[in-house]
Amino acid sequence: RLENVFTHTSWAPDRASSYERLEFLGDSVLELAVARELYERYPDFNEGQLAKIRSHVVSRASCAVVSDELGLGDRMAEMASDAVPLDELERLSTNRNVLAALLEAALGALFLEYGFGRIEGAVIGAFAGRIEYALTTYVDNKTELQEALARLGRSVTYTVLDVEGPPHDRTFTCAAVIDGEEADVGKGPSKKAAEQEAAREALAKLESS
């Protein structure tokens with residue numbers, strides 16, 4: 001399976017020997033892992049919000065980023081046959097679509113080898129940065145809260161309450177301050193993520209009042 005994961009269709013003896021079939025399987029593995037993580041982590045999000053975030057996290061662009069972080073393109077170059085021209089190998093190992101395909105093929109192979117339960121945590125760990133990016137970019141609770149408060153003649157600002165952990169693994173705690181009073185608190189791996197979480201909490205409270 002390892003050989004199949006890193007075999008591009010252009011030098012495979014037949015298409016079934018390339019990464020395509022594993023890529024097909026890995027795509028479903030990734031979607032399920034991300035969907036379950038979002039469903040359990042954000043119980044207040046509606047179907048539309050969850051679908052929007054998942055769509056970005058499992059996109060080709062997102063998979064290519066994670067694949068590059070894991071060095072899968074370099075691994076393919078190392079495992080390729082000497083018969084593959086170097087210029088072609090360099091081009092393919094950095095191509096966004098190829099990188100995304102390698103990532104999904106690897107997930108398909110890992111699923112077959114170990115089962116979903118044993119790889120789910122590692123999948124979410126690898127995509128944690130993409131999930132955070134999707135949350136802070138595609139679900140803008142801060143803007144929604146600001147607009148909701150503006151309709152009531154109120155305003156919101158944010159303040160950092162605490163920063164914990166080493167530089168490479170920090171946790172920020174931020175507060176949403178509405179009309180000068182601390183309303184809700186949020187935590188996250190970045191200031192922006194913590195502010196979004198605080199805004200989400202404040203927005204939920206505002207909508208239920």
Side-chain angles (χ1 to χ4, degrees), residues 29-71 96 99-100 103 107 117 119-209:
V29 173
L30 177 59
E31 286 217 4
L32 177 57
V34 172
R36 176 169 165 170
E37 175 70 9
L38 296 176
Y39 180 85
E40 294 184 349
R41 192 193 297 187
Y42 303 103
D44 297 333
F45 282 14
N46 60 39
E47 179 188 4
Q49 288 175 305
L50 294 172
K52 194 173 185 181
I53 298 167
R54 183 189 61 183
S55 177
H56 173 76
V57 174
V58 304
S59 68
R60 302 295 283 181
S62 182
C63 286
V65 170
V66 176
S67 181
D68 188 51
E69 291 173 348
L70 296 174
R96 189 184 76 166
L99 286 170
L103 186 282
L107 293 183
I119 69 170
E120 184 180 10
V123 173
I124 295 304
F127 278 83
R130 308 314 301 165
I131 293 174
E132 181 195 341
Y133 178 82
L135 283 167
T136 56
T137 305
Y138 292 88
V139 179
D140 193 352
N141 294 303
K142 289 176 65 177
T143 298
E144 288 189 29
L145 177 61
Q146 182 177 345
E147 292 175 349
L149 289 171
R151 289 192 290 270
L152 301 172
R154 306 171 70 187
S155 62
V156 59
T157 58
Y158 298 89
T159 183
V160 177
L161 299 179
D162 190 28
V163 181
E164 301 174 313
H168 67 280
D169 188 24
R170 284 185 170 171
T171 298
F172 289 77
T173 302
C174 292
V177 181
I178 298 176
D179 293 338
E181 294 186 8
E182 185 178 304
D184 285 277
V185 174
K187 292 185 179 240
S190 68
K191 178 173 174 284
K192 188 174 182 180
E195 289 177 349
Q196 285 283 349
E197 183 63 19
R200 185 180 74 83
E201 293 287 344
L203 189 61
K205 193 175 292 182
L206 186 66
E207 291 175 343
S208 64
S209 62

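Because only heavy atoms are used, hydrogens play no part in the values below, and waters and symmetry mates are left out as well, while side chains stay in.
Counting non-hydrogen atoms of neighbouring residues, nucleotides and ligands closer than 6.0 angstrom, the CD atom of E132 exceeds 12 such neighbours.
Remark: R200 engages E197 in a salt bridge, criterion side-chain N to carboxylate O under 4.0 Å.
Once rounded to the nearest 0.5 Å, the distance linking CD of Q146 with CG of N141 reads 12.5 Å. Within the model, atoms CD of E201 and CG of L145 stand 11.5 Å from one another, a figure rounded to the nearest 0.5 Å. We find the NE2-CD1 distance between H56 and I131 to be 10.5 Å, quoted to the nearest 0.5 Å. Rounded to the nearest 0.5 Å, atoms CD1 (I124) and CD (E40) are 9.5 Å apart. In this structure, CG in L149 is found 7.0 Å from CG in D179, a value given to the nearest 0.5 Å. For the atom pair CG of L103 and OG of S67, the computed distance is 5.0 Å after rounding to the nearest 0.5 Å.
E120 places none of its side-chain heavy atoms less than 4.5 Å from the side chain of V123. A heavy-atom distance below 4.5 Å is found between the side chains of R154 and L206.
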side-chain contact (heavy atoms from CB on, under 4.5 Å) evaluation trace for E182 with L161
CA-CA 11 Å; E182 185 178 304; L161 299 179; 4.0 Å; yes
Practice task
Show your reasoning for whether side-chain contact (heavy atoms from CB on, under 4.5 Å) applies to L99 and R96.
Solution key: CA-CA 5 Å; L99 286 170; R96 189 184 76 166; 5.7 Å; no
Hey, mind stepping through I178 and K205 against side-chain contact (heavy atoms from CB on, under 4.5 Å) and telling me if it holds? CA-CA 12 Å; I178 298 176; K205 193 175 292 182; over 6 Å; no
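Exactly one residue among E147, Q196, E195 makes a side chain to side chain donor-acceptor pair (under 3.5 Å) with K142. That residue is E195.
Annotation: salt bridge (charged side-chain N to carboxylate O under 4.0 Å, His left out) contacts involving residues 155-172, sequence neighbours excluded, are absent.
When all heavy atoms are compared, the tightest approach of A194 to F172 is CB-O, 3.5 Å. Residues I53 and A134 come closest through the heavy atom pair CG2-CB, 3.7 Å. The heavy-atom pair separating L107 from I119 by the smallest distance is O-CD1, 4.1 Å. Across every non-hydrogen atom of A198 and C174, the tightest pair is CB-O, 3.7 Å.
F45 meets the ring pair (Phe, Tyr, Trp, His ring centres under 6.0 Å) test with Y42; sequence neighbours excluded. Annotation: side chain to side chain contact (heavy atoms under 4.5 Å, CB included) contacts of E31 (sequence neighbours excluded): D27, R54, V58.
For the pair R36 and Y39, the NZ or CZ position fails the cation-pi test of under 6.0 Å to the six-membered ring centre and within 45 degrees of the ring normal.
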